[in-house]
Amino acid sequence: MSTRLYPLYQKGNPQLRVFLSNFWMKLVRPEHKQPPNVVQFHCSMEMTRYDIKNYLEKIYNVKSTQVNTRIVLGKTREEPGKGYVIKDDDYKVAYVVLPKDEKFEFPNLFPESAEKEKLDHDKALDEVRKNHQKYLEKNSDRPGLPGWFSF
Amino acid sequence: MSLAVSNRNFFLKLQLLKYGRLYATSLSSVEDEYTQTPQYPEIVDLAPFEVKKQDAQDYYETIKAVKTVEEKQIKLNMPKYYGFKCFMLHENAIPYNNLNLTQYLTKTHLIENNQLPIVCPTMEHVNLEALKRDVEDVLILAHEGYCKNASVKDSNLTEEESQNAMSSIISQQIHRAILLNLHVNYPHLEAVQTDIDPRIESCWFSGGIPSNREHECAVTERKDKAVQYVGVPTLTVRSEVPLSPIISFDEAKSTNFNIPNCEYQPQSFGVFTTHRRIVNVPGFWPGDPYQFGLLAYHYRGHILRRRFKDPVEHQEALHRQGILAGFGWLNAQANFLGFSTYNDITYPLVTQCVVTNGKMWSFYAYQLNTILMHLKYIEDNSKVNICWGSKELKLYEEIQNGKVIGFNEDVLKMLVSFYTNVPRERSGVELRPFLGDQEKVIADLQDDERREWLEKEYKFITSNRPRHYLPYEIYHWEKIYKIDHKKRPMDARRRPFELFINPWDRTYNSRKPRYIPRKHRPDVKRHVGRDAKEYFP
């Protein structure tokens, strides 16, 4: 479903426009312990259970047996220094039940090996940065001389 | 003056006489105080968890001590004014993948077997040929006669409703045909009661079910949760004496029976909660002499609504219906016999159920061995309920041109064996051990006022009608501006959450009694006798 207005036809416009859907679904880590065949999503507020079922089936070819949804009240907080209360938007949570012989495990998005690789990379970069700084500081007490000039 | 003084002395003496007795010791009891061996009071474990357990046990004993059926049911409802938070198990709305949860909640071991254990001693007393002809007539008439009937063919009816209307007609007529054919050789069938579309509701407490916060807790630390079953059979048959048990109590303790665990909260399986009063209704009111269920026919139109297209799951859904049909009905019957979810049955109860739409038949025999499912007994109670269930079977292939094609006699034999299973007196078993000797139901009470009051209260509880005033709720603006952010310090604190009161803990009797108008009161002072008397057990 798209809420975008179909623009008024002007001569020369393309005849049929197809707009992308407003619907979105975000896979989230389950808040509480769930059976292995239950997957939790946040999704756009307008989606009904049937929309969710079709969305998963038509786009991702994921068959679901049952879909339960609920709407969560957005969090409230006080604006610091101002004193008034601000409320975040409400959001819809969908629990999608897959056939019972299927299992879904929420992926580990930040595996340890990747983390380590990143750390190594950062370390090397730091080293280069430090050397460069040293190189620049060599002639810092002799203003006007280029960096490559040395004894 | 002297008169006044002497009067005062007189009253002093009277006072002394009255209270002096409290300090007096009787001479004779001095010797009785001592015994040969010292007698100490029982040593009680004073750990907080143990004290809680003991308190709970005391509460169970108070329920056991109540004499009549209705008062027991009122007593069960006493802790909650707005009813308990119950997990609802509806017979005609089966969520996906629900069998394991059901088995856990009812503590049932399922034996899937097309040979049910109901002993069918001799079929020789049954004229199967004649019966078959009658049943075929019933089927043909239902399909070619009633099918054209407006009540079945109404285009406004959903597929489910029209199938249920058909199965209601067929099960009633088959029941009639079987009774007519068998009653000569099986006289117990002459003394049965038949109910059409009775109401069956049953409630119990189950332990070990995790809530959101209790996933990490040990099973024994999880709180008990109420479970309410609502059944809608099309026809039930009951008698004055119970069916014989299939296995003994000792066999029911065997370790061969396995009950699946409950690792996740029931909401993950589509079973949700609502606030309801505890209701146990087995399709009749207390005082009916026909208290033991023989056979129940159940609808299966709701299966049409399920679109999961999984044959294994479909069979499991039927088993779930069969298990709940057996357990729900027997638990309600047990409550009418004076047992309750806190006081276990002292003898096994047996019933038989059929789930049918006229063509497809599933047979279930259920033996109830225990109704203690709550926390305290989750480990102590090794007894298990047992359900024998058949796969779904076809009675016939189809009906064409006024003829039944492919009639399956084995299915008819199974149905007949349910009727030929003779209920018998249990020798040496007291059927209602926890009810009073004279007063078993409130109809036995002599005090008119008390009886009428109890009747009214009991019927109100079982009706599950909402209260006149809406139940308590915290409004959104209150949550935001009063609870989450203290933005209204000058408001008077009158709401329960500001007074540290939990309104859901309100007990059933915390309410004003009925007001008696002045003209109905005897001639006493104005403020006396305004409240009607209440008889809470």
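Bear in mind that the values here come from a model prediction, so they are computed numbers and not experimental data. Just so we're on the same page: letters track the sequence lines, and every chain starts at 1.
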Colleague: For B/P95, which atoms come within 4.5 Å of any heavy atom of chain A: side chain, backbone, both, or neither?
Modeller: both
Colleague: Looking only at N and O atoms, which donor-acceptor pairs between chain B and chain A are within less than 3.5 angstrom?
Modeller:
from: B/Y96; atom 1: N; to: A/Q66; atom 2: OE1; distance (Å): 3.0
from: B/Y96; atom 1: OH; to: A/K100; atom 2: N; distance (Å): 2.9
from: B/N212; atom 1: ND2; to: A/H32; atom 2: NE2; distance (Å): 3.4
from: B/E316; atom 1: OE1; to: A/K100; atom 2: NZ; distance (Å): 2.7
from: B/E316; atom 1: OE2; to: A/K100; atom 2: NZ; distance (Å): 2.9
from: B/H485; atom 1: ND1; to: A/E78; atom 2: OE2; distance (Å): 3.2
from: B/H485; atom 1: NE2; to: A/T76; atom 2: OG1; distance (Å): 2.8
from: B/K487; atom 1: NZ; to: A/E78; atom 2: OE1; distance (Å): 3.4
from: B/K487; atom 1: NZ; to: A/G83; atom 2: O; distance (Å): 2.5

Colleague: B/R277: what forms a side chain to side chain donor-acceptor pair (under 3.5 Å) with it, not counting sequence neighbours?
Modeller: none
